[in-house]
Amino acid sequence: MRQPPKSQRVAVIIPAKDEAERVAATVRAARAIPHVDLVLVVDDGSEDDTQHAARGAGAVVVRHSVNRGKASAMETGASVVAMRDVVGAPPRLLLFIDADLGETAVATSPLVPPVLEGRADCTIAVLPPQPGAGGRGIVTGLARRSIARATGWSPAQPLSGQRCLTREAFEAASPLSRGWGVETGMTIDLLVAGFTVQEVPCDLRHRPSRNDLAGQLHRGAQYRDVALAANARRLRGVKVPASQRPDNSAGQKPGRPYRAWASAPEA
């Protein structure tokens with residue numbers, strides 16, 4: 001475990017599309033997270049007042065003129081943060097959160113200490129059951145099986161987008177998978193590259209995808225993108241060989257760091 005540098009800071013990156021009603025509350029809550037000195041909203045082609053609501057709440061805002069997707073917004077955010085990092089100081093940790101968390105966004109705070117202190121290279125929030133959620137776990141199951149097949153790890157919430165990671169880890173996972181496959185692809189790439197990942201329970205609330213037509217279409221797009229991300233890596237042979245995985249890989253639970261290699265990754 002490393003001692004966190006006194007100058008180490010955290011940047012919150014919030015990809016947002018048509019979130020004018022909730023983004024201001026999310027920004028204000030994110031600014032209260034310890035060690036955060038920059039909150040950046042990437043307005044991904046919104047057609048409402050998202051950018052002005054975010055800026056009014058104290059965020060730095062950059063805007064895509066057209067919708068380019070979550071992965072592109074995350075990459076834009078990370079690039080802007082890098083330009084704002086102080087020369088001679090450690091690169092900021094990157095804390096990605098969803099724009100619709102509202103005032104509960106401050107509850108992503110527990111994601112920061114394990115990365116800041118060197119116990120993990122990437123932390124992932126595990127949310128409590130969300131009222132009104134209409135999904136049946138089909139997409140989550142596909143993502144979990146895909147990660148387990150490639151790395152031996154079976155995460156509780158593989159689709160969680162609330163993640164804190166080092167700059168080194170983010171660059172190792174780049175370029176990110178397109179669409180809704182970004183989290184699945186990132187988790188596989190980080191573990192195969194030898195980084196340590198940890199799930200952390202966080203008391204968060206966001207707008208759930210319901211069981212209406214719009215919700216079904218959303219989950220269909222999620223399933224497609226997760227499958228594409230997983231299959232692309234399978235075809236390229238991106239995995240940790242079963243013989244190289246730790247003996248306790250199947251028993252990992254939220255709150256415990258997981259490293260997919262029993263020894264140093266193969267070259």
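Here, residue 1 is the first one in the sequence, and each next residue gets the next number.
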Interatomic spacing from [atom1] in [X] to [atom2] in [Y] - rounded to 0.5 Å:
| X | Y | atom1 | atom2 | value |
| --- | --- | --- | --- | --- |
| L165 | E171 | CG | CD | 10.0 Å |
| D37 | R31 | CG | CZ | 11.5 Å |
| T166 | L94 | OG1 | CG | 8.0 Å |
| S109 | L95 | OG | CG | 8.5 Å |
| I124 | Q157 | CD1 | CD | 10.0 Å |
| S160 | L111 | OG | CG | 7.5 Å |

Salt bridge (charged side-chain N to carboxylate O under 4.0 Å, His left out) evaluation trace for D189 with R233: CA-CA 9 Å; D189 289 345; R233 284 157 179 78; 2.8 Å; yes
Test salt bridge (charged side-chain N to carboxylate O under 4.0 Å, His left out) applied to R205 and D100, step by step: CA-CA 8 Å; R205 296 291 184 274; D100 64 353; over 6 Å; no
Can you check whether [Y]'s main-chain N or O pairs, donor with acceptor, with [X]'s side chain at less than 3.5 Å?
| X | Y | result |
| --- | --- | --- |
| R92 | R84 | yes |
| T151 | L191 | no |
| T108 | A105 | yes |
| E75 | L176 | yes |
| T104 | L204 | no |
| R224 | G220 | no |
| R245 | V240 | yes |

Can you give me the closest heavy-atom contact between [X] and [Y], atom names plus distance?
| X | Y | answer |
| --- | --- | --- |
| P241 | W261 | CD-CH2, 3.7 Å |
| C202 | P128 | O-CD, 3.2 Å |
| W153 | T187 | CZ3-CG2, 3.8 Å |
| R163 | E183 | NH2-CB, 3.3 Å |
| A173 | M186 | CB-CG, 4.0 Å |
| V27 | A54 | CG1-O, 4.3 Å |

Pair D44 + R68, salt bridge at N-O below 4.0 Å: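 No salt bridge links D44 with R68.
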Within 6.0 angstrom of R178 CZ, more than 12 heavy atoms from elsewhere: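 Atom CZ in R178 is packed in, count exceeds 12.
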Within 6.0 Å of CD in E21, more than 12 heavy atoms from elsewhere: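 No.
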Aromatic ring proximity, centroids under 6.0 angstrom, F96 and F170: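 Yes: the rings meet the under 6.0 Å criterion.
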Worked check of salt bridge (charged side-chain N to carboxylate O under 4.0 Å, His left out) between R55 and D43: CA-CA 11 Å; R55 191 174 289 112; D43 182 349; over 6 Å; no
V60 with V81, same ILVMFWY side-chain cluster at under 4.5 Å: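 Yes, V60 and V81 fall within the same hydrophobic cluster.
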